[in-house]
Each structure stands twice: as C-alpha cells, then as structure tokens.
Amino acid sequence: MNLNWIAPAKRLSALPPYVFARLDELKTRAREQGLDLIDLGMGNPDGSAPAPVIEAAIAALQNPANHGYPPFEGTASFRQAITSWYRRRYDVDLDPDSEALPLLGSKEGLTHLALAYVDPGDLVLVPSPAYPAHFRGPLIAGATVHSLILKPENDWLIDLGAIPDEVAERAKILYFNYPSNPTTATAPREFFEEIVAFARRYSILLVHDLCYAELAFDGYQPTSLLEIPGGKEIGVEFHTLSKTYNMAGWRVGFVVGNPRIIQGLRTLKTNLDYGIFAALQTAAETALQLPDIYLNEVQSRYRRRRDFLIQGLAQLGWDIPKSKATMYLWVPCPPGENSTDFALNVLQKTGVVVTPGNAFGSGGEGYVRVSLIVECDRLGEVLSRFKQAGIRYQAEAIVAGSD
Ligand SMILES: Cc1ncc(COP(=O)(O)O)c(C=O)c1O
C-alpha cells in the first residue's frame with residue numbers, strides 16, 4: 001500500500017535540518033571499522049549518579065506506594081526539596097505548591113513551555129547559538145523565531161540594545177542561558193538586571209535556563225534570574241539534575257518562578273504526561289540535599305579537564321579563554337573551515353567526535369563544541385591524535401584537513 005498520503009504535520013518541516021545526521025552516519029561507520037572513537041559530542045556526563053542517590057532510589061523502589069501514577073504536579077516532598085535548595089543556594093523564597101514544578105528533564109519543560117505559551121505566528125526571541133530546545137520548541141509551536149546573534153566581541157552576551165523596537169514590541173518570549181551551552185559564556189549580575197528591565201519594558205516572558213548552575217569554577221557563582229528584583233514577576237527558570245549529579249538518563253529537572261507562567265505549563269503537562277516516577281523523585285530529593293563536598297568533587301573534575309585540554313590545545317595553536325562554568329570548550333575552527341567540515345574532518349582523521357557549532361544555530365558557525373566528558377588520559381589521547389593528523393589552529397593558513 002502506498003503510504004505517501006501520510007505526511008507529517010507541517011510543524012515538523014519547520015524544524016531546521018538535523019546537523020548531527022551526517023555525523024551519526026560517520027560515527028556508525030567508524031565503529032563498524034573497529035575505530036576507537038572518543039565521543040566528545042554530546043553533553044552526556046560520564047560516570048554514575050552519586051551513591052546516596054542510587055541507594056535512595058533502591059529503597060524507594062521497594063515501596064509499593066511509589067509504583068502507581070505519581071501526582072501530576074510532582075510529589076510534595078520533591079517540590080519542598082526544590083524550594084529549600086533555592087533558599088539555601090540563592091536566598092530566594094518560593095512557594096512549593098505554585099512556584100515549583102518537577103519536569104521529565106528540563107528539555108521537556110523548555111519545549112512544552114513554548115507549546116503552552118506560543119500561538120502560531122507569535123514572535124520568540126532566541127540567542128544564536130543556543131541549546132536547540134530553545135528554538136526548536138518555539139518552532140514546533142509555530143512561532144516566528146527571531147535570532148539574536150551572539151558575538152565573541154560582546155563576550156557572547158545578548159546585545160539587548162541591538163534589538164529593534166518593533167521586534168521587542170512584538171516579542172512574547174525571550175529564552176536565554178548563562179552559563180551558556182554552547183559558548184560557555186557567563187553573564188554578570190548587571191546583565192540580568194538589564195534583561196529584567198528590558199522584559200518589563202516590552203512585556204516579554206523571560207525563560208532562563210540555569211542548567212549549569214553548579215558546574216562553575218574558580219570561585220564563580222552563577223546568578224539566578226529569581227535573585228534579581230522583578231525577575232519572578234516576568235520569568236521562570238529551568239534546572240536539571242542531569243549534569244550536576246550525572247543523572248542524564250533519569251530524566252529529572254524542574255522549573256521555578258512566576259506561578260501564573262508555571263500554571264500554564266502544568267495545565268499542558270496534565271494533558272500530556274504523568275510526571276516522574278515517584279521513586280526517582282525521592283532519589284532526586286537526596287541529590288538536592290547532598291553536602292557541598294560532592295559538588296566540590298564534580299567541579300574540580302571538570303576544572304581539571306578544562307585546564308588540561310586548554311593547555312594541550314595551546315600547543316597546537318589554539319588560544320581558548322578559560323571558561324568559568326559548564327562542561328564544554330567552545331573551540332574556533334581553523335580559519336577557512338566551516339564547523340561541519342571541521343567536525344567531519346576531525347572525526348574522519350582522528351576518531352574524535354565534536355559538535356559543529358552550527359547545530360546550535362547560525363551564530364555558532366566557525367566553532368565546534370567539545371564536551372569534557374572523559375578523563376585527562378583520554379583527553380591526552382585526543383591531543384596526540386590531533387598532533388599526528390596535523391589538526392591544529394593557525395592564524396593564517398588552513399592546516400587541518402589538507403592532505
Ligand atoms: C542548556 C541546556 N538546557 C537543558 C538541557 C537538557 O537537560 P535535561 O537532561 O534536563 O533535559 C541541556 C542538555 O545538554 C542543556 O545544555
């Protein structure tokens with residue numbers, strides 16, 4: 001039977017092409033050939049969740065009460081753990097019933113928020129480069145996405161002054177994310193004050209993704225939108241347990257902030273899902289209550305890898321500033337190579353997988369993102385393969401890829 005008449009909904013064709021497709025194909029081929037791939041492509045932390053979290057999950061699994069449908073709005077005790085964490089971490093008071101909502105990972109919530117708040121044709125402001133859910137969610141909802149191109153000369157901060165008045169007046173939502181994936185940039189508190197003033201002036205809903213809240217180094221403390229006076233009146237903030245606690249596969253995140261905005265998302269989700277398995281919510285509470293020593297270990301692991309790779313890449317001609325946060329390096333391609341070509345070239349010649357910057361939007365062209373998700377001995381192997389294959393950064397000449 002000819003099934004050509006079953007066409008996917010138009011909203012799917014609004015999505016930009018999947019840059020990872022060719023990379024995936026090459027990865028599979030390389031694996032089939034027995035190549036020892038070093039995959040620094042995804043932001044998928046290595047290692048397992050902390051032992052006390054696993055123990056809490058096992059104990060919670062033994063309790064039959066946890067095996068039914070969980071409450072739509074998340075368990076009361078997980079919501080309480082979220083708000084206690086906020087008070088401890090940011091000195092911000094939140095109501096666990098109306099101002100905190102557990103999510104099946106923050107990607108789910110970031111995407112569904114657009115479905116809850118965007119009508120076809122609404123204008124949504126999204127930085128470029130950005131974590132893909134920030135623009136793919138609005139596109140699925142039928143939004144017109146206005147890209148705010150980020151530039152290195154502006155420290156990868158959004159240039160709010162460059163947004164035309166008529167665009168700001170039409171905009172319904174602004175997504176943003178500092179510390180940033182993929183640029184690793186951090187934003188000073190004054191930037192948060194400016195963006196809150198901007199959103200209030202134009203009545204724009206602010207969506208801040210604080211996914212890398214805890215992966216910060218050298219004494220740097222990321223800022224919460226909710227710490228800023230007026231932030232909670234116009235915005236929400238997303239968090240995940242995926243990165244800090246090595247729990248990416250568990251699918252646990254949460255959103256906090258303005259109760260009206262959260263209510264819209266809750267209403268949508270009530271119609272879509274039943275929330276997180278209750279046993280995992282119990283384990284997630286344990287994660288949020290872990291002593292600081294655990295965090296210190298995670299931070300020093302990523303800091304060690306960051307320093308090691310920056311130093312090694314410096315010997316190959318790269319001058320990469322030390323990021324104050326996240327689990328990535330944002331690496332410029334050798335002059336003359338675009339990000340897809342460079343990533344494919346690196347993969348073919350060295351078996352190392354990096355993500356082309358244009359996967360994060362056109363503003364990421366000219367860069368690749370490297371995830372710090374293997375130990376320094378493997379990063380050392382990356383560097384020696386680069387050296388052997390002649391992959392290096394030269395200010396004038398294109399060296400990488402030339403045979
Ligand atoms: C900025 C940002 N937000 C959200 C996510 C998604 O996290 P989660 O596992 O909670 O869906 C990621 C994952 O890489 C991310 O980098």
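Atoms within a ligand are numbered from 1 in the order they appear, just like the ligands themselves.
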Measure and list all N/O to N/O distances between ligand 1 and the protein that fall under 3.5 angstrom.
{"residue": "ligand 1", "atom": "3 (N)", "partner": "Asp209", "partner atom": "OD1", "Å": "3.4"}
{"residue": "ligand 1", "atom": "3 (N)", "partner": "Asp209", "partner atom": "OD2", "Å": "2.5"}
{"residue": "ligand 1", "atom": "7 (O)", "partner": "Ser106", "partner atom": "OG", "Å": "3.2"}
{"residue": "ligand 1", "atom": "9 (O)", "partner": "Ser242", "partner atom": "OG", "Å": "2.6"}
{"residue": "ligand 1", "atom": "9 (O)", "partner": "Arg251", "partner atom": "NH1", "Å": "2.9"}
{"residue": "ligand 1", "atom": "10 (O)", "partner": "Ser106", "partner atom": "N", "Å": "2.7"}
{"residue": "ligand 1", "atom": "10 (O)", "partner": "Ser106", "partner atom": "OG", "Å": "2.9"}
{"residue": "ligand 1", "atom": "10 (O)", "partner": "Thr240", "partner atom": "OG1", "Å": "2.5"}
{"residue": "ligand 1", "atom": "11 (O)", "partner": "Ser106", "partner atom": "N", "Å": "3.3"}
{"residue": "ligand 1", "atom": "11 (O)", "partner": "Lys107", "partner atom": "N", "Å": "2.9"}
{"residue": "ligand 1", "atom": "11 (O)", "partner": "Arg251", "partner atom": "NH2", "Å": "2.7"}
{"residue": "ligand 1", "atom": "14 (O)", "partner": "Lys243", "partner atom": "NZ", "Å": "2.6"}
{"residue": "ligand 1", "atom": "16 (O)", "partner": "Asn181", "partner atom": "ND2", "Å": "2.7"}
{"residue": "ligand 1", "atom": "16 (O)", "partner": "Tyr212", "partner atom": "OH", "Å": "2.6"}

Side chains of residues 35-54: which donor-acceptor pairs under 3.5 Å do they make with residues two or more places apart or in other chains?
{"residue": "Asp36", "atom": "OD1", "partner": "Arg378", "partner atom": "NH2", "Å": "2.9"}
{"residue": "Asp36", "atom": "OD2", "partner": "Arg378", "partner atom": "NH1", "Å": "3.1"}
{"residue": "Asp36", "atom": "OD2", "partner": "Arg378", "partner atom": "NH2", "Å": "3.4"}
{"residue": "Asp36", "atom": "OD2", "partner": "Arg385", "partner atom": "NH2", "Å": "2.9"}
{"residue": "Asp39", "atom": "OD1", "partner": "Gly41", "partner atom": "N", "Å": "2.9"}
{"residue": "Asp39", "atom": "OD2", "partner": "Lys27", "partner atom": "NZ", "Å": "3.2"}
{"residue": "Asp46", "atom": "OD1", "partner": "Arg305", "partner atom": "NH1", "Å": "3.0"}
{"residue": "Asp46", "atom": "OD2", "partner": "Arg305", "partner atom": "NH2", "Å": "2.8"}

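- By the 4.0 Å N-to-carboxylate-O rule, Arg189 lies close enough to Glu193 to be salt-bridged with it.
- Arg304 is linked by a salt bridge (charged side-chain N to carboxylate O under 4.0 Å, His left out) to Glu375, counting only residues two or more places apart in sequence or in another chain.
- Listed by chain and residue number, nothing satisfies the salt bridge (charged side-chain N to carboxylate O under 4.0 Å, His left out) test with Arg260 (two or more places apart in sequence, or in another chain).
- Under the 3.5 Å distance criterion, the side-chain polar atoms of His208 are matched with a main-chain donor or acceptor of Tyr178.
- Salt bridge Arg306/Asp218: present, at least one basic N to carboxylate O contact under 4.0 Å.
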